[in-house]
Student: 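Just dropping this structure here.
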Amino acid sequence: MARGFDVRRQTGFNTIAICCFILLYAPIILIVVYSFNKGNSIAIWEGFSWRWYISAWDNEKVQAATIRSVVIAFWASMLSTFAAVLAALATTRTKPWRGQSFIFAMINQPLMVPEIVTAVSLLIVFASIKVATGYTGLGYLVIAHTAFCIPFAYMPIRARLQGMDLTLEQAASDLYATPWQTFRRVTLPQLTPGILAGAMLAFVISLDDVVITEFVKSAGQDTLPTYMLGQLRRVVTPEINAISTVLLAFSVLLVTGFFLLSRTRKQ
Amino acid sequence: MIEIANVTKVFGQGEAAFRALDGVSVTIDENEFFTLLGPSGCGKTTLLRTIAGFVDPTSGSVKLDGQSLLESPPYKRPVNTVFQSYALFPHMTVAQNIGFGLEMQGKPKSEVQETVAEMLELVRMTPMADRQTGQISGGQQQRVALARALAPRPKVLLLDEPLSALDFKLRKEMQLELKRLQSETGITFIFVTHDQEEALTMSDRIAVMSEGAIRQIGGPRDIYDHPAERFVADFIGDTNFLEVELLRTEGEEGRIRLASGAETTARALSGGVSAGTVTLAVRPEHADLADPAEALLPGTLAEVVYFGTDTHYHVDLEDGTRFVVRQQNTPAQVQRRAAGDRVGVTFAPGVGQVLRD
């Protein structure tokens, strides 16, 4: 049987693939390994211990930054998912309207505009609001995170909506369900995996952000990533490795959940 | 009673405009099994969706028992649909699917349960009540879709090619089942299909559609035996078309002269047919082979095709037209004919149909 072009059969394919995987995972494995180091170095192995995990756990700054990160990520993912559901409904469940693709591009703005540009502009805008209102709370961070999380929450929800059979909604409407009842009883239950996936992705993206957070945060508003960045500028101990490892484990967990959910197809 | 008057639907605008429905008028009686028959793209589904409320007609009116339906959204019309894809809710059980319409109507729980049980019984799905819709076969899904649409006791049930996804044997079974359900419930059925045989076996009346318009409305026998125009004759069953001369008409009877010079009578609907050259339609099973000397149309037997239950004789007439005669096979058949034989084609007076076209 004649075979088409198969990239896996080309010379050097395996070498390149292995190089890429080493590049991708070796540093992460190193980080994880040294998080269990007994000594103070992040480069010289001195034996296994949980020492740095305990140290990170007891570190009040780490605790505060973690709580702050989770609070921001929670609100940002909730708000961005809510906005994303509305945006997805408006871009898939309406008659095609003028400028629809333009709006679609606008929703995905955070994927196109360099993060540093967004960060600087937010810094300037929020600075003047701070002066005007005197409010210096976490609200700014939540709003900023919500904004850049929207496209990440939007994509899986939109994909799910597009894959959904429109006749189901027509069938509900044919069976005396008002538009709201149709949404509640037919659209929403089937959309739930998409919504959960979107929220999880948004949560991870928010949890992980450094650039925008660094610019927007007020004094004493370190999130876990910005705290780690600050630490790296001073003494580097395997405590950073330990925090990184925990963060990594948590992200992997969420992203795995995201994939499992977005894979769920009807039947 | 459903009254559809002058319904036109144009999709798109300007150059790209497409007339899916072009001035359709039809009245469907209560408790009737009415079929919209036509090839794909003829507008039959658009008409069905107009009644359901998923399509807003560009002009015209749709009335149910004297009241206009067009102002009401689909969820306020006492009309239910069985969708071609069934459109069962995948996150609900069989029973929940069937109860959905009643629940949306705000019926009390006990009544919903009672009706659901009744419907399950009616479509013989009681043992499957708690199954997920993904766990039942195509034929069973079809029955659930039917029960779900019947449960709220609509005044009219719309069926959009509901049998097209089933295999041949199941389809035959469901045809009888649908007929039974219609007479048991007394609900008006409006059935859309492109399958002429399905239409002929099930319907009280059939509307044959093409290019957004109704070509002919009548009972199955009427449509089959007396097609009004070439499209209908051609779409339903097999037909021989002959060019003949219409000499005169008296009532519904027309005196015609065939190409061979022989004269006979044929049915000619008043209106639309005037004397002169016209097309005559003759069903293959309404014609017979005969001695060339006595036949209406002499010719040569070109092909004999054996079909088990019957045999098709393809005859080349003297003017070059190919004419097919279908004869039922009987064990007593003695006369064997072979290709190349001189034969004649004959048919009884009044059997042919003069077409309006």
Side-chain angles (χ1 to χ4, degrees), chain A residues 81 85 88-90 92-101 156-200 257-258 260-267, chain B residues 11-12 45 48-49 51-56 72-92 96-107 112 131-136 138 141 144-154 156-161:
Chain A
T81 305
V85 169
L89 285 171
T92 58
R93 283 299 184 274
T94 49
K95 284 180 187 165
W97 33 281
R98 263 179 88 89
Q100 193 170 6
S101 44
I157 296 170
R158 181 168 185 265
R160 181 90 193 168
L161 265 177
Q162 278 185 328
M164 247 168 78
D165 186 1
L166 216 86
T167 42
L168 290 179
E169 285 159 45
Q170 284 183 351
S173 159
D174 188 64
L175 291 161
Y176 314 106
T178 60
W180 172 246
Q181 284 173 318
T182 300
F183 178 72
R184 262 288 291 116
R185 299 290 306 273
V186 174
T187 315
L188 197 58
Q190 296 197 81
L191 197 54
T192 309
I195 292 175
L196 282 176
M200 284 164 99
F258 162 77
L260 289 178
L261 280 170
S262 30
R263 222 181 42 186
T264 321
R265 290 272 170 269
K266 40 187 181 175
Q267 282 146 40
Chain B
F11 287 109
T45 297
L48 199 77
R49 292 170 63 81
I51 302 171
F54 302 127
V55 170
D56 280 328
S72 315
Y75 56 90
K76 284 190 181 154
R77 300 189 185 193
V79 165
N80 290 148
T81 310
V82 178
F83 293 86
Q84 188 171 10
S85 59
Y86 312 147
L88 297 178
F89 305 126
H91 57 292
M92 297 182 197
Q96 284 169 336
N97 263 283
I98 297 175
F100 187 83
L102 296 158
E103 216 183 301
M104 291 300 114
Q105 283 180 317
K107 293 276 157 63
V112 174
R131 291 278 190 95
Q132 291 291 316
T133 56
Q135 299 170 325
I136 56 177
Q141 288 183 12
V144 175
L146 209 61
R148 184 179 69 174
L150 283 171
R153 295 243 144 222
V156 179
L157 187 73
L158 307 174
L159 302 106
D160 186 7
E161 307 224 16

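Chain identifiers are assigned alphabetically (A, B, ...) following the order of the sequence lines, protein sequences preceding nucleic acid strands; residue numbering begins at 1 within each chain.
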Student: If we define contacts as heavy-atom pairs under 4.5 Å, which of B:Q105, B:E103, B:Q132, B:R77 has the most with chain A?
Tutor: B:Q105

Student: Is B:F89 close to A:R185 at the side-chain level, that is, under 4.5 Å between some pair of heavy atoms?
Tutor: no

Student: Within the distance-only criterion (no hydrogens, no angle test), does the side chain of A:Q181 pair as donor or acceptor with the backbone N or O of A:T178 below 3.5 angstrom?
Tutor: yes

Student: Is it the side chain or the backbone of B:S85 that comes within 4.5 Å of chain A heavy atoms, both, or neither?
Tutor: side chain

Student: Please look at B:R148 and chain A and tell me whether the side chain, the backbone, both or neither of the residue comes under 4.5 angstrom of a heavy atom of that chain.
Tutor: both

Student: Please classify the contact of B:V79 with chain A as side chain, backbone, both or neither, using a heavy-atom distance under 4.5 Å.
Tutor: backbone

Student: What part of B:Q135 is in contact with chain A, defined as an atom under 4.5 angstrom from a non-hydrogen atom: side chain, backbone, both or neither?
Tutor: neither

Student: Pick from B:Y86, B:F83, B:F54: which one has the most heavy-atom pairs with chain A under 4.5 Å?
Tutor: B:F54

Student: Check step by step if side chain to side chain contact (heavy atoms under 4.5 Å, CB included) holds for B:N80 and A:Y176.
Tutor: CA-CA 9 Å; B:N80 290 148; A:Y176 314 106; 3.3 Å; yes

Student: What verdict does the side chain to side chain contact (heavy atoms under 4.5 Å, CB included) test give for A:T81 and A:I157, after you've listed the backbone C-alpha separation in whole Å, the side-chain angles of each residue and the deciding distance to 0.1 Å?
Tutor: CA-CA 9 Å; A:T81 305; A:I157 296 170; 4.1 Å; yes

Student: Please classify the contact between A:Q170 and chain B as side chain, backbone, both or neither, with a heavy-atom cut-off of under 4.5 Å.
Tutor: both

Student: Are any of the side-chain heavy atoms of B:P74 and A:S173 separated by less than 4.5 Å?
Tutor: yes

Student: Quick check: does any side chain N or O of A:R93 sit under 3.5 Å from a backbone N or O of A:L166, one acting as donor and the other as acceptor?
Tutor: no

